[in-house]
Amino acid sequence: MRELNPIKNAESFVKDHLDGEGTGHDWWHVVRTRNIAEHLREVEGGDDLVINLALLLHDVGDRKVINQDDDDYSIAENFMRDQNLEEGLIQNVMRIIKSMSFSKSLDQPEDKPDLIEFKIVQYADRLDALGAIGIARAFAFGGNRNRPLYNPELVSQTFSSRQDYINSQGSTFHHFEEQLLLLYDLLNTETAKDIAKQRDAYMREFMQRFLDEWSGQK
Ligand code: ADP
Ligand code: NI
């Protein structure tokens, strides 16, 4: 029998699952991405159920959240199967979740679902990595992994494979140049770019000020 309200069920499942999450991928990250996605969807369109299920479930099996070498997609998929959701819906949601990560796109840049829902979910997730929230999340992640705030002896790297990106041991400040500042160019709708523009500018301002203070400016 099909569940009456898979979204409500997903909300409790995900809240439980992400309880105690300390890398910036907690329940409130999910709430923020859903709010951003709703704004993007009002302009771009897209299926509400697909977008919301994908955002609710996108991080439950993420390698950073489960602290393993690889993502575990079975958590999201098994949840949807337990809800007796239609196969086509499950497939669409899983295609989105499996293709949305920055690191995956380093290995397979062309391998993305041709769905407006994919763009909305991926862009909402990326927008939450930018701006004041993005800064806070990056340092939360770095602290969780015992990474230094900054190390002026290191230089930023350009990653061309997922493995190199994952293996990198740089400082959190370097992560801004290595990933966060690249995101603006990877958002390809007007609506997403509009939001990203201010967030990107705010991060650049923060970085300049961080370096100024680091170098002794009072
Ligand atoms: P994706 O999950 O799309 O592959 P990432 O693995 O880069 O993307 O992680 C997304 C979020 O996790 C970023 O927005 C950032 O907050 C955090 N994050 C990932 N790697 C780092 C890092 N090395 N330093 C600081 N934050 C990171
Ligand atoms: Ni996310």
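Each ligand, and each atom within it, is numbered from 1 in the order the structure gives.
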Linking I/L/V/M/F/W/Y whenever any side-chain heavy atoms sit under 4.5 Å apart, do [X] and [Y] land together?
| X | Y | result |
| --- | --- | --- |
| I96 | L106 | yes |
| V31 | L40 | yes |
| L49 | M94 | yes |

Run the numbers for me: atoms of ligand 1, each under 4.0 Å from some heavy atom of [X], listed by number.
| X | value |
| --- | --- |
| H25 | 10 (C), 11 (C), 12 (O) |
| R137 | 14 (O), 16 (O) |
| D62 | 2 (O) |
| R147 | 23 (N) |

For [atom], closest protein heavy-atom neighbour:
| atom | answer |
| --- | --- |
| atom 20 (N) of ligand 1 | H175 CE1, 3.4 Å |
| atom 8 (O) of ligand 1 | Q179 NE2, 3.5 Å |
| atom 3 (O) of ligand 1 | F102 N, 2.7 Å |
| atom 14 (O) of ligand 1 | A129 CB, 3.0 Å |
| atom 25 (C) of ligand 1 | A138 O, 3.3 Å |

Fill in: Side-chain heavy-atom pair F13, D82 within 4.5 angstrom cut-off
no

Worksheet item: Looking at CG of L127 and CD1 of I195, how far apart are the two atoms once the value is rounded to the nearest 0.5 Å?
Response: 5.0 Å

Fill in: Geometric cation-pi criterion K193 and Y184, 6.0 Å radius, 45° cone
yes

Decide if atom [atom1] of [X] counts as having more than 12 heavy atoms of other residues, nucleotides or ligands within a radius under 6.0 Å.
| X | atom1 | value |
| --- | --- | --- |
| R63 | CZ | yes |
| Y202 | OH | no |
| W28 | CH2 | no |

Worksheet item: Quick one: does Y165 get within less than 4.0 Å of ligand 1, heavy atoms only?
Response: yes

Worksheet item: Near the Ni ion (ligand 2), which protein N/O/S atoms are found at less than 2.8 Å?
Response: H29 NE2, H58 NE2, D59 OD2, D125 OD1

Worksheet entry | ring-ring contact (aromatic ring centres under 6.0 Å, His included) between F173 and F139, worked out | CA-CA 8 Å; F173 189 81; F139 286 104; 7.8 Å; no

Worksheet item: Does D200 come within less than 4.0 Å of R204, counting only side-chain N to carboxylate O?
Response: yes

Worksheet item: Are the charged groups of E190 and K197 less than 4.0 angstrom apart, N to O?
Response: no

Item to complete: Consider every N or O of S103 and every N or O of ligand 1, then say whether any pair is closer than 3.5 Å.
Response: yes

Practice prompt. Can you figure out which of R63, R145, K64, H58 has its heavy atom closest to atom 9 (O) of ligand 1?
Written response: K64

